[in-house]
Amino acid sequence: MPKIGNIQLPDFPLLLAPMEDVSDPPFRALCKEQGADVVFTEFISSEGLIRDAAKSVMKLDIYEKERPVGIQIFGAVLESMLRSVEIVEASGPDIIDINFGCPVKKVVSKGAGAGILNDIDLMVSLTEAMVKHTKLPVTVKTRLGWDHDSIKIMEVAERLQDVGCQAISIHGRTRAQMYKGNADWKPIAEVKNNPRMHIPVFGNGDVDTPEKAMEMRDKYGLDGAMIGRASIGYPWFFKEVKHYFKTGKHLPPPSMLERVDAAKRHLQMAIDWKGEKLGVFETRRHYTNYFKGIPNFKEYRMKMVTSDDSASVFEAFDEVLEGFGDYEFV
Ligand SMILES: Cc1cc2nc3c(=O)[nH]c(=O)nc-3n(C[C@H](O)[C@H](O)[C@H](O)COP(=O)(O)O)c2cc1C
């Protein structure tokens with residue numbers, strides 16, 4: 001069974017992927033309740049952290065109940081990354097994760113995120129320095145390479161392991177692909193099957209059914225699956241995968257009551273954490289998925305996503321239960 005540093009994980013753990021504007025404490029708590037074995041924060045800018053930028057600092061918040069939790073940081077400047085390690089360590093996570101995979105221009109143009117895939121020596125030296133600077137396990141999340149012609153994930157994985165990285169999560173796309181096409185898990189399996197590799201190798205990209213998670217485990221032999229988009233507004237995905245592994249059968253989808261309950265708790269946790277205004281605003285993006293596919297639902301959805309006060313949103317949830325309480329999801 002895989003371990004990250006001293007953290008013992010179950011067989012084929014399911015990891016909640018770091019997702020900006022999604023993987024905040026309330027959402028992570030819901031995913032944890034539904035079976036996520038490790039959760040990661042949204043990525044946090046090392047430059048923001050060292051400037052004490054409020055948005056970056058707030059992302060350091062973690063709940064006890066979500067452990068083990070990894071805080072993810074990105075950057076490309078050694079001094080900023082080392083100072084960030086100290087700041088992150090002080091907020092008490094179980095893992096420090098480095099983002100070497102973010103494809104967006106504003107990150108890549110500064111040589112951070114996936115930008116560093118063009119400078120593997122820097123990637124390795126930054127990781128080594130960070131590993132030496134903390135007692136916490138340091139992990140890396142990255143992509144296959146910069147583009148199709150420069151896939152060097154085997155070299156990257158070996159070298160990161162050699163400098164003390166404790167686990168690697170690999171998204172089966174290149175930076176050039178962004179989110180297009182299908183994730184390719186074959187190169188990830190090659191890394192896992194390299195006899196030199198002994199740290200856990202987690203697969204990421206397109207795991208959106210229990211069958212795909214099983215394929216990642218049984219056909220590709222990876223150590224665990226990191227799950228992103230399939231969990232957005234659907235934290236039950238973790239439970240569904242685990243149930244399928246155990247029984248070979250699909251769980252019925254969550255009932256309306258379970259969905260309304262999760263949406264209410266999500267909103268309440270968000271308000272408790274960041275206040276009424278931001279809590280109401282930032283939870284909106286999850287409702288579409290919580291209540292996906294219900295006919296004649298527009299009026300209710302509009303109320304949820306346009307109301308500025310939580311009382312109206314809670315009222316909309318109750319109206320949904322009254323109007324659609326026995327709706328059967330398929
Ligand atoms: C809304 C959104 C935000 C993301 N933010 C991050 C991030 O902060 N850090 C990171 O490493 N990856 C981030 N990603 C990438 C995911 O962690 C993951 O690698 C990608 O979505 C592929 O996995 P999936 O197919 O299971 O979604 C983000 C993805 C999405 C959809």
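Atoms within each ligand, like the ligands themselves, are counted from 1 in listed order.
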Problem - Pairing of Glu128 and Lys132 as salt bridge, 4.0 angstrom limit - result: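 A salt bridge links Glu128 with Lys132.
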Practice task
Give a yes or no answer on whether the side chain of Asn99 reaches the backbone of Phe74 with a donor-acceptor pair at less than 3.5 Å.
Solution key: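 Not at all, since once roles are kept as given, no pair shorter than 3.5 Å links the two residues.
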Practice task
Identify the heavy atoms of Val39 and Glu66 that sit nearest to each other, and give their distance.
Solution key: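 For Val39 versus Glu66, the nearest heavy atoms are CG2-OE1, 3.4 Å.
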Problem - cation_pi(Arg265, Phe317) dist<6.0 Å, angle<=45 - result: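 Ring-cation test returns no.
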Option set [options], criterion heavy-atom distance to [atom], minimum:
{"atom": "atom 16 (C) of ligand 1", "options": "Arg229, Lys141, Arg285", "result": "Lys141"}
{"atom": "atom 11 (O) of ligand 1", "options": "Lys212, Met226, His171, Gln72", "result": "Gln72"}
{"atom": "atom 14 (N) of ligand 1", "options": "Pro103, Pro18, Cys102, Ala225", "result": "Pro18"}
{"atom": "atom 29 (C) of ligand 1", "options": "Phe74, Tyr179, Phe40", "result": "Tyr179"}
{"atom": "atom 2 (C) of ligand 1", "options": "Met19, Arg173, Arg143", "result": "Met19"}

Counting non-hydrogen protein atoms only, what is the nearest one to [atom]? Give residue, atom name and distance.
{"atom": "atom 23 (O) of ligand 1", "answer": "Asn204 ND2, 3.0 Å"}
{"atom": "atom 8 (O) of ligand 1", "answer": "Phe43 N, 3.1 Å"}
{"atom": "atom 26 (O) of ligand 1", "answer": "Gly228 N, 2.8 Å"}
{"atom": "atom 3 (C) of ligand 1", "answer": "Glu20 N, 3.2 Å"}

Exercise for the section: Decide yes or no for Tyr244 and Leu251: does some side-chain heavy atom of the first lie under 4.5 Å from some side-chain heavy atom of the second? Expected result: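 They are not in contact (no side-chain heavy atoms under 4.5 Å apart), so the answer is no.
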Problem - Any side-chain heavy-atom pair of Met216 and Phe12 under 4.5 Å - result: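 With C-beta onward as the side chain, the pair touches.
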Practice task
Kindly say whether the aromatic ring centers of Phe297 and Phe291 come within a distance under 6.0 Å.
Solution key: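 Yes - the distance between ring centres of Phe297 and Phe291 falls below the 6.0 Å cut-off.
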Exercise for the section: For Ala17, take its heavy atoms, then give the atoms of ligand 1 lying under 4.0 Å from any of them. Expected result: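 Here the atoms of ligand 1 in question are 17 (O).
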Practice task
Enumerate the atoms of ligand 1 whose separation from the nearest heavy atom of Asn99 is less than 4.0 angstrom.
Solution key: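 Near Asn99, meaning under 4.0 Å from one of its heavy atoms, ligand 1 has 9 (N), 10 (C), 11 (O).
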Handout entry: Among Lys292, His286, Glu240, side chain to side chain donor-acceptor pair (under 3.5 Å) partner for Tyr234
Key =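 Testing each of Lys292, His286, Glu240 against Tyr234, the sole residue satisfying side chain to side chain donor-acceptor pair (under 3.5 Å) is Glu240.
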